[in-house]
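A quick write-up on the structure given underneath.
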Amino acid sequence: MKLARMSGGELDVADEIFSRPYNDALVHQVVVSYQAAGRQGSKAQKTRSQVRGGGKKPWKQKGSGRARAGSSRSPIWRSGGKTFAAVPRDFRKQVNRKMYRGALQCIFSQLIREDRLCVVTNFSVENAKTKSLIERLQVLGMSEALIIVDEVTPALYLSSRNLVNFEVCDVQSVDPVSLIAFAHVIITETAIAQFEERLSIHG
């Protein structure tokens with residue numbers, strides 16, 4: 001298939017990647033997996049065996065008139081361990097490489113069908129100023145976009161970091177959530193070629 005460039009002309013791309021039917025269930029599963037992997041899950045509590053101290057029996061078994069106790073770190077004691085202690089949790093949901101690749105193909109194909117993918121020959125700024133990037137985006141008529149380039153230069157990174165509605169990343173950093181979240185995706189021809197190689201069935 002052919003993609004229209006913003007500057008004019010067309011770019012040939014692989015049908016298997018950029019004209020795939022949208023699979024909502026697959027995309028949903030991959031997005032949920034990606035978001036779940038970002039959860040920390042570090043909540044933890046200590047059981048009676050993990051709390052420091054409590055090795056000595058507080059008092060003898062009989063004769064004191066008090067309830068028998070074997071450790072001062074029992075859950076019913078102050079400073080004791082928790083009865084059902086929370087443990088660190090791994091929220092990750094496994095998806096294989098083929099599923100992840102297929103989901104990205106579905107998303108890119110849908111972006112093209114919805115006219116949200118904008119192909120440019122290259123994307124760069126001369127100096128690290130936010131004003132320079134805003135002027136470049138105004139030429140393209142964009143108010144919100146994910147910008148995908150083959151290499152994020154220091155000038156491009158510095159000029160974009162203060163913009164709320166724009167995000168710059170390279171091909172390796174692209175994730176399914178970002179592709180869906182922005183109204184438009186601006187991508188360079190070199191980045192398109194890298195995605196073709198990365199998402200092909202032989203990649």
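- Under the 4.5 Å side-chain criterion, counting only non-hydrogen atoms from C-beta, I192 is in contact with F18.
- Of the possible donor and acceptor atoms, one in the side chain of S159 sits under 3.5 Å from a partner among the backbone N and O of A155.
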#### Entry: side-chain contact (heavy atoms from CB on, under 4.5 Å) evaluation trace for L156 with V149
CA-CA 10 Å; L156 184 57; V149 294; 4.1 Å; yes
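- Note that CD of Q40 is 10.0 Å distant from CZ of F91, once rounded to the nearest 0.5 Å.
- Using modelled atom types, one side-chain atom of R73 and one backbone atom of R52 make a donor-acceptor pair closer than 3.5 Å.
- In this structure, the side chain of R89 does not engage the main chain of K43 through any donor-acceptor pair within 3.5 Å.
- Going from atom CD1 of I148 over to atom CG of L146 covers 4.5 Å, rounded to the nearest 0.5 Å.
- With hydrogens and angles disregarded, a donor-acceptor distance shorter than 3.5 Å links the side chain of S160 to the backbone of Y157.
- Between M142 and C118 there is a side-chain heavy-atom pair separated by less than 4.5 Å.
- Residues V120 and E189 fail the side-chain proximity criterion, which asks for heavy atoms closer than 4.5 Å.
- A distance of 9.5 Å separates CD of Q105 from OG of S19, quoted to the nearest 0.5 Å.
- Atom CG of L199 sits about 5.5 Å away from atom CG of L104, to the nearest 0.5 Å.
- Between A183 and E144, the shortest heavy-atom contact is N-OE2, 3.5 Å.
- Taking NZ from K131 and CG from L133, the interatomic distance works out to 13.5 Å, rounded to the nearest 0.5 Å.
- Considering every non-hydrogen atom in both V27 and C106, the closest pair reads CG2-CB, 3.8 Å.
- Panel note: side chain Q45, backbone A86; a donor-acceptor pair is recorded below 3.5 Å.
- Between E114 and R116 the shortest heavy-atom distance is OE1-NH1, 2.7 Å.
- The local environment of CD in E126 is sparse, with at most 12 non-hydrogen atoms from other residues, nucleotides or ligands closer than 6.0 Å.
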### Check against side-chain contact (heavy atoms from CB on, under 4.5 Å), F182 and L111
CA-CA 10 Å; F182 289 89; L111 289 172; over 6 Å; no
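- Judged by distance alone, with hydrogens and angles left aside, the side-chain atoms of R198 form a donor-acceptor pair with the main-chain N or O of V171 at under 3.5 Å.
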### Message
Does I17 form a side-chain contact (heavy atoms from CB on, under 4.5 Å) with F195? I'd like the steps, not just the answer.
### Response
CA-CA 9 Å; I17 298 174; F195 270 117; 5.9 Å; no
### Task
Determine, stepwise, if the pair Y34 / V95 fulfils side-chain contact (heavy atoms from CB on, under 4.5 Å).
CA-CA 9 Å; Y34 179 84; V95 294; over 6 Å; no
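- Distance check: N23 CG to I107 CD1 gives 11.0 Å after rounding to the nearest 0.5 Å.
- The minimum heavy-atom distance between P58 and S72, with the atom names listed, is CG-N, 4.0 Å.
- With contacts defined as side-chain heavy-atom distances shorter than 4.5 Å, the pair I187/I147 does not qualify.
- Judged purely by distance below 3.5 Å, without hydrogens or angles, the side chains of T190 and T188 never pair a donor atom with an acceptor atom.
- No more than 12 heavy atoms of other residues, nucleotides or ligands shown are found within 6.0 angstrom of CG on D115.
- At least one side-chain heavy atom of S173 sits less than 4.5 Å from a side-chain heavy atom of D170.
- Side-chain contact check for Q35 versus V177: some heavy-atom pair is nearer than 4.5 Å.
- Considering every non-hydrogen atom in both L26 and M99, the closest pair reads CD1-O, 3.8 Å.
- For the pair A85 and T47, the tightest heavy-atom approach, listed with the atom from each and the gap, is CB-CG2, 3.7 Å.
- Between the side chain of S33 and the backbone N or O of K93 there is at least one donor-acceptor pair closer than 3.5 Å.
- Hydrophobic clustering (ILVMFWY, side-chain heavy atoms < 4.5 Å, transitive): V51 and W77 are in distinct clusters.
- Counting only distance, with no hydrogens or angles, the side chain of K57 and the backbone of A69 share a donor-acceptor pair below 3.5 Å.
- When hydrophobic clusters are built by joining Ile, Leu, Val, Met, Phe, Trp and Tyr residues whose side-chain heavy atoms come closer than 4.5 Å, directly or via intermediates, V32 is not grouped with I180.
- For R113 and Y22, the positive end is not near the middle of the six-membered ring at less than 6.0 Å and at most 45° from its axis.
- Using a distance-only test at 3.5 Å, with no hydrogens or angles considered, a donor-acceptor pair links the side chain of W59 to the main chain of A67.
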